[in-house]
K.L.:
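One structure is given below, represented as structure tokens, and several questions about it will come after.
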Amino acid sequence: MNPQSVQHISECFVKPQPMPHEANQPFYLTQWDLAMLSVHYIQKGLLFSKPSPNAFNITNFLDKLKHSLAQTLIYFYPLAGRLVTTKGDDPASYAVYVDCTNSPGARFVHASVEMTLSDVLSPTYVPSIVQSFFDHDRALNHDGHFKSLLTIQVTDLIDGVFIGCSLNHAIGDGSSFWQFLNSFSEIFRAAEGDDVKISRPPVLKRWFPDGYGPVINLPFTNPEQFLLHYESPLLKERMFHFSSASIAKLKAKANSEHNTNKISSFQSLSALMWRCITRTRNLPHDQITSCRVACNNRSRLNPPLPENYFGNCIYPLRAFTIAGELLENNLGWAAWKVHEAVVNHTDEATRKNVESWMKSPTIYKIPQLFDSFSVMMGSSPRFNKYGSEFGLGKALALRSGYAHKFSGKVSAYPGREGGGSMDLEICMPPDLMDALESDPEFMDAL
């Protein structure tokens, strides 16, 4: 199926109804937000089975989605804004913030494709087909405004519906992404009305370290210094399912091998992927290799930030060693390396990282942050990803777009059946993916 056969039928913009009074003020970005300016949008979507023709009308469905989106944006009004850059001359600098008044709103796209659910769920599906379910635009406008911070794209399949969401990563992390999507679904499924409450309203108050904010000036002389247009290399992408029993067995193995009970399920799984992917690469014995894990800083700070804090609040922790040691030792040894990186990320360490960034602001650039010897464990199986139902029942599957993917990128999702099961979306060059699927340690863990 040629992804160009996906037809864009209509497009509109949706604003909060009504617009909150707070939206009249600039929404400033924190240090964690600004570091994400060159990172691609978060692109995730849910694939649903379409109800019987007599019980489903796509026009009515789209109208209700738009109405629900307008109500959801009352709580998440920054998502209807635009990023704006302003230039300073003495000293040379740029400031970036969200303008919620001079914006048409969040983008809403309706598309259609002559495909079935089995086409998308096939293990041999072409990732570019799924990518076509996302209307992704990351470029700057000539007037200094970014494109939409949020796009909802609904793709009508023959027997299903794909609801894709693209969120500018400078406005929120994975926790914020799923908080928004869960709230969107909650409002959609609520009783009709214009005053629907949500169970987890976002906390929009920004967190800055003492003595800084709300305006942070980036010490750059040209936008190209903090905007990088990254193109993913040729990759093969596969989804692998780990049952709750497989996860429990892996965790027990890691703890037993290191004579401890402190290694978590996710740390065990991260160590497995670190070892197996490193093995496929045939690295020199003394080559430094890393396992990075996206860590939520909300609970790391003292006092902690609210669980519903909206924005970016993550840091890529790093466990590292040389390839020879990683493969010569066992799974428990590697898992303990990951465990140590996690437990050492304290309030003190978090604030030290923030203070270092404030003194010398840098923008995350994927080619520099994630080298070809590393593994990056992104997303989280803790997010309520199958809780967004939109009146269609539980989604059949979760899929992502092609944004910010590279060799060794692993995204962790909860398994559809729950119970501690997990799905891993793994990206590798085709030859290395073939080697991974032949790796005894990896296949035995499934």
Side-chain angles (χ1 to χ4, degrees), residues 27-42 44 76 78-79 96 98 167-180 182 200-214 216 218 262 264-267 270 290-320 337-366 369-370 374-385 404 409-412:
F27 186 80
Y28 293 106
L29 301 181
T30 71
Q31 64 287 337
W32 291 316
D33 300 325
L34 293 170
M36 294 289 189
L37 281 174
S38 270
V39 178
H40 283 296
Y41 282 49
I42 302 175
K44 307 292 183 188
F76 297 84
L79 297 182
V96 183
V98 179
L167 179 76
N168 190 308
H169 215 322
I171 201 69
D173 55 19
S175 178
S176 295
F177 177 97
W178 289 105
Q179 184 188 359
F180 162 75
N182 291 161
R200 293 183 57 207
V203 176
L204 299 179
K205 183 180 179 181
R206 322 307 291 135
W207 183 87
F208 296 95
D210 293 341
Y212 295 99
I216 297 177
L218 301 173
K262 296 181 179 179
S264 71
S265 298
F266 191 69
Q267 291 163 9
S270 298
S290 303
C291 179
R292 291 188 179 271
V293 178
C295 180
N296 188 341
N297 286 328
R298 292 168 176 80
S299 61
R300 302 284 168 175
L301 291 169
N302 185 21
L305 290 180
E307 181 183 359
N308 295 348
Y309 176 86
F310 188 84
N312 283 285
C313 196
I314 54 174
Y315 184 78
L317 302 182
R318 179 176 180 251
F320 65 94
K337 284 280 187 182
V338 177
H339 172 78
E340 286 184 316
V342 173
V343 298
N344 289 335
H345 191 61
T346 59
D347 170 75
E348 181 181 359
T350 300
R351 292 177 184 274
K352 184 178 179 179
N353 288 334
V354 170
E355 184 67 26
S356 176
W357 190 94
M358 297 301 300
K359 291 179 179 178
S360 181
T362 57
I363 306 302
Y364 290 151
K365 297 179 180 178
I366 287 178
L369 187 62
F370 304 112
S374 299
V375 171
M376 174 64 201
M377 302 295 295
S379 198
S380 173
R382 294 182 178 180
F383 298 151
N384 184 21
K385 299 180 180 180
H404 52 75
K409 173 67 181 296
V410 181
S411 297

K.L.:
I would like to know whether Phe180 and Leu167 meet side-chain contact (heavy atoms from CB on, under 4.5 Å); could you show each step before the answer?
P.N.:
CA-CA 10 Å; Phe180 162 75; Leu167 179 76; 5.8 Å; no
K.L.:
Of all residues at least two apart in sequence or in a different chain, which pass the side-chain contact (heavy atoms from CB on, under 4.5 Å) check with Lys352?
P.N.:
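For Lys352 there are no side-chain contact (heavy atoms from CB on, under 4.5 Å) partners, ignoring immediate neighbours.
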K.L.:
Going from CE on Met36 to CD1 on Ile363, what distance comes out if it is rounded to the nearest 0.5 angstrom?
P.N.:
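So the CE of Met36 and the CD1 of Ile363 are separated by 10.5 Å.
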K.L.:
Tell me which donor-acceptor pairs under 3.5 Å the side chains of residues 292-302 have, and how far apart each pair is, sequence neighbours excluded?
P.N.:
residue : atom : partner : partner atom : Å
Arg292  : NH1  : Pro316  : O            : 3.3
Asn296  : OD1  : Arg298  : N            : 2.9
Asn296  : OD1  : Arg298  : NH1          : 3.1
Asn297  : OD1  : His345  : NE2          : 2.7
Arg298  : NE   : Tyr309  : O            : 3.1
Arg298  : NH1  : Asp173  : OD2          : 3.0
Arg298  : NH2  : Asp173  : OD1          : 3.2
Arg298  : NH2  : Asp173  : OD2          : 3.2
Arg298  : NH2  : Ser176  : OG           : 3.3
Arg298  : NH2  : Tyr309  : O            : 2.9
Arg298  : NH2  : Gly311  : O            : 3.3
Arg300  : NH1  : Val342  : O            : 3.1
Arg300  : NH1  : His345  : O            : 3.4

K.L.:
Looking at every heavy atom in both Tyr41 and Asn168, which two are closest together, and how far apart are they?
P.N.:
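Heavy atoms only, the tightest pair is CD2-N, 3.4 Å.
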K.L.:
Nearest heavy-atom pair of Trp178 and Asn384: which atoms, and what distance?
P.N.:
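In terms of heavy atoms, the two residues are closest at CE3-O, 4.4 Å.
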K.L.:
Looking only at heavy atoms, what is the nearest atom pair of Val338 and Ser270, with distance?
P.N.:
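Heavy atoms of Val338 and Ser270 come nearest at CG1-CB, 4.4 Å.
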K.L.:
Nearest 0.5 Å, what's the CD-OG distance between Glu307 and Ser175?
P.N.:
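Rounded to the nearest 0.5 Å, the CD-OG separation comes to 7.0 Å.
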K.L.:
At their closest point, which heavy atom of Lys385 faces which heavy atom of Ala412, and how far apart are they?
P.N.:
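Residues Lys385 and Ala412, closest heavy atoms: NZ-O, 3.1 Å.
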K.L.:
Can you list the residues that meet the side-chain hydrogen bond (donor to acceptor under 3.5 Å, both in side chains) rule with Lys44, with sequence neighbours excluded?
P.N.:
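For Lys44, the residues satisfying side-chain hydrogen bond (donor to acceptor under 3.5 Å, both in side chains) (neighbours in sequence not counted) are Tyr413.
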K.L.:
Which pairs pass side chain to side chain donor-acceptor pair (under 3.5 Å) with one or both residues in residues 354-366, sequence neighbours excluded?
P.N.:
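Every pair satisfying side chain to side chain donor-acceptor pair (under 3.5 Å) with a residue in residues 354-366: Tyr212-Glu355.
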K.L.:
Working to the nearest 0.5 Å, report the span between CH2 of Trp32 and OG1 of Thr350.
P.N.:
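The CH2 atom of Trp32 sits 7.0 Å away from the OG1 atom of Thr350.
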K.L.:
When rounded to the nearest 0.5 angstrom, what distance separates OG1 in Thr30 from CG in Asn312?
P.N.:
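It is 6.5 Å, given to the nearest 0.5 Å.
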K.L.:
Do Asn182 and Phe383 pass the side-chain contact (heavy atoms from CB on, under 4.5 Å) test, and can you show the C-alpha distance, the side-chain angles, and the key distance before you say yes or no?
P.N.:
CA-CA 10 Å; Asn182 291 161; Phe383 298 151; over 6 Å; no
K.L.:
Can you list everything that forms a side-chain hydrogen bond (donor to acceptor under 3.5 Å, both in side chains) with Asn308? Sequence neighbours excluded, please.
P.N.:
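Listed in chain order: Arg200.
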K.L.:
Could you state the interatomic distance from OG (Ser379) to CZ (Phe177), rounded to the nearest 0.5 Å?
P.N.:
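If we round to the nearest 0.5 Å, Ser379:OG and Phe177:CZ are 9.0 Å apart.
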K.L.:
What distance do Cys291 atom SG and Met377 atom CE have between them, rounded to the nearest 0.5 Å?
P.N.:
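If we round to the nearest 0.5 Å, Cys291:SG and Met377:CE are 6.5 Å apart.
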K.L.:
Dump the intermediate steps for side-chain contact (heavy atoms from CB on, under 4.5 Å) on Ile216 and Val96, then the final yes or no.
P.N.:
CA-CA 8 Å; Ile216 297 177; Val96 183; over 6 Å; no
K.L.:
What pair of heavy atoms forms the shortest contact from Pro306 to Val203, and how long is it?
P.N.:
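Heavy atoms of Pro306 and Val203 come nearest at CB-CG2, 3.9 Å.
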K.L.:
According to side-chain hydrogen bond (donor to acceptor under 3.5 Å, both in side chains), who are the partners of Arg318, at least two apart in sequence or on a separate chain?
P.N.:
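Result, side-chain hydrogen bond (donor to acceptor under 3.5 Å, both in side chains) vs Arg318: Ser290.
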K.L.:
Check Lys409 against Ser411 and note the closest heavy-atom contact, atom names and distance.
P.N.:
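Heavy-atom minimum between the residues: CE-OG, 3.8 Å.
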K.L.:
What pairs with Asp347 under side-chain hydrogen bond (donor to acceptor under 3.5 Å, both in side chains), at least two apart in sequence or on another chain?
P.N.:
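With neighbours one apart ignored, the set is Arg351.
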K.L.:
Just distance, no hydrogens or angles: give the donor-acceptor pairs under 3.5 Å from side chains in residues 204-211, sequence neighbours left out.
P.N.:
residue : atom : partner : partner atom : Å
Arg206  : NE   : Tyr28   : O            : 3.0
Arg206  : NH1  : Phe310  : O            : 2.8
Arg206  : NH2  : Asp33   : OD2          : 2.6

